[in-house]
Amino acid sequence: MLEMTREEFEELVAEALDRIPPELTRLMDNVAVFVEDEPDDPSDPELLGLYEGTPLTDRGEWYAGVLPDRITVYRGPTLRMCASSEEVVAETEVTVVHEVAHHFGIDDARLHALGYG
């Protein structure tokens, strides 16, 4: 398995977020991004990222006073699937974009069609 500290991986996630166009990041609302070492669900140990919350497209007048949506990027599965630091950078960017897209209401089928599978 490729070695990378949690701090180095967190920096990659931050850089991937910084590469999202500002006109999109300005629209992100009530969402927090986290890095965890491993997914909580033992049945899916290769999960790279997870979006939990209510997508912007599903929010209505009722949406107030709720906890932030949560985007989690998992370090362990990413490092296990990548053979080089360059692959980790690329996969982290794809994962971040994929999970942010869920925040905007884009489903997996559309993301796969766009190459963010």
Side-chain angles (χ1 to χ4, degrees):
M1 182 169 97
L2 190 64
E3 294 292 324
M4 181 176 288
T5 67
R6 185 179 177 114
E7 291 78 21
E8 290 169 325
F9 191 78
E10 287 173 349
E11 183 62 29
L12 290 181
V13 170
E15 290 169 4
L17 286 165
D18 288 344
R19 284 191 286 280
I20 295 173
E23 53 272 13
L24 290 179
T25 56
R26 279 194 293 271
L27 298 173
M28 292 174 67
D29 181 49
N30 199 32
V31 62
V33 179
F34 299 91
V35 169
E36 297 291 342
D37 289 328
E38 297 292 337
D40 290 333
D41 185 356
S43 69
D44 200 359
E46 299 310 311
L47 184 66
L48 302 179
L50 181 64
Y51 170 76
E52 300 169 286
T54 304
L56 294 174
T57 53
D58 292 345
R59 295 179 185 179
E61 292 178 16
W62 59 269
Y63 188 85
V66 298
L67 292 173
D69 292 2
R70 181 179 177 101
I71 291 173
T72 308
V73 181
Y74 299 106
R75 184 175 71 97
T78 304
L79 295 179
R80 285 192 294 276
M81 78 171 291
C82 295
S84 69
S85 296
E86 293 79 16
E87 284 184 29
V88 174
V89 170
E91 190 56 52
T92 301
E93 187 165 328
V94 167
T95 301
V96 167
V97 169
H98 183 107
E99 302 311 329
V100 168
H102 285 318
H103 177 67
F104 282 100
I106 301 171
D107 65 16
D108 280 332
R110 181 69 179 137
L111 284 168
H112 286 266
L114 293 170
Y116 289 97

Exercise for the section: Locate the shortest heavy-atom distance separating Val66 from Asn30; write the atom from each residue and the value. Expected result: O-ND2, 3.4 Å
Problem - Residues clustering with Leu47 (ILVMFWY side chains joined when closer than 4.5 Å, directly or via others) - result: Leu50, Tyr74
Fill in the blank from the handout: Residues at least two apart in sequence or cross-chain that pass side chain to side chain donor-acceptor pair (under 3.5 Å) with Arg59, listed by chain then number, are Asp29, Tyr63, Asp69
Exercise for the section: Using the rule that two of Ile, Leu, Val, Met, Phe, Trp, Tyr join whenever any of their side-chain heavy atoms come within less than 4.5 Å, decide whether Leu24 and Val100 are in one cluster. Expected result: yes
Problem - Atom pair OG1 (Thr92) and CD (Glu15), whose distance is rounded to the nearest 0.5 Å - result: 9.5 Å
Handout entry: Test item: Arg6 side-chain N/O and Val35 main-chain N/O as donor-acceptor pair under 3.5 Å
Key = yes
Fill in the blank from the handout: When every non-hydrogen atom of Thr54 is compared with those of Asp58, the smallest separation belongs to CG2-CB, 4.0 Å
Fill in the blank from the handout: What one should report as the nearest heavy-atom pair of Cys82 and Glu87 is CA-OE1, 3.4 Å
Handout entry: Glu99 side chain vs Tyr51 backbone, donor-acceptor pair below 3.5 Å
Key = yes
Exercise for the section: Look up atom CE in Met81 and atom CE in Met1, then write down how far apart they are to the nearest 0.5 Å. Expected result: 13.5 Å
Problem - His102 NE2 to Asp108 CG distance, which is reported to the nearest 0.5 Å - result: 4.0 Å
Exercise for the section: Output all residues satisfying side chain to side chain contact (heavy atoms under 4.5 Å, CB included) with Thr57, sequence neighbours left out; order by chain, then residue number. Expected result: Pro55
Handout entry: Test side chain to side chain donor-acceptor pair (under 3.5 Å) applied to Glu86 - qualifying residues, sequence neighbours left out
Key = Ser84
Exercise for the section: Could you list the residues that satisfy side chain to side chain contact (heavy atoms under 4.5 Å, CB included) with Thr25, not counting sequence neighbours? Expected result: Ile20, Pro22, Met28
Practice task
Sequence neighbours left out, what passes salt bridge (charged side-chain N to carboxylate O under 4.0 Å, His left out) with Glu11? Give chain and number order.
Solution key: none
Practice task
Inspect the surroundings of CG in Leu27 and state if more than 12 heavy atoms from other residues, nucleotides or ligands are less than 6.0 Å away.
Solution key: yes
Exercise for the section: Indicate if Phe34 and Leu17 have the same hydrophobic cluster label, given that clusters are the connected sets of ILVMFWY residues with side-chain heavy-atom separations under 4.5 angstrom. Expected result: no
Practice task
Determine whether more than 12 heavy atoms belonging to other residues, nucleotides or ligands lie under 6.0 Å from atom CG of Asp18.
Solution key: yes
Practice task
Check whether any side-chain N or O of Glu8 sits under 3.5 Å from a backbone N or O of Met4 as a donor-acceptor pair, and report yes or no.
Solution key: no
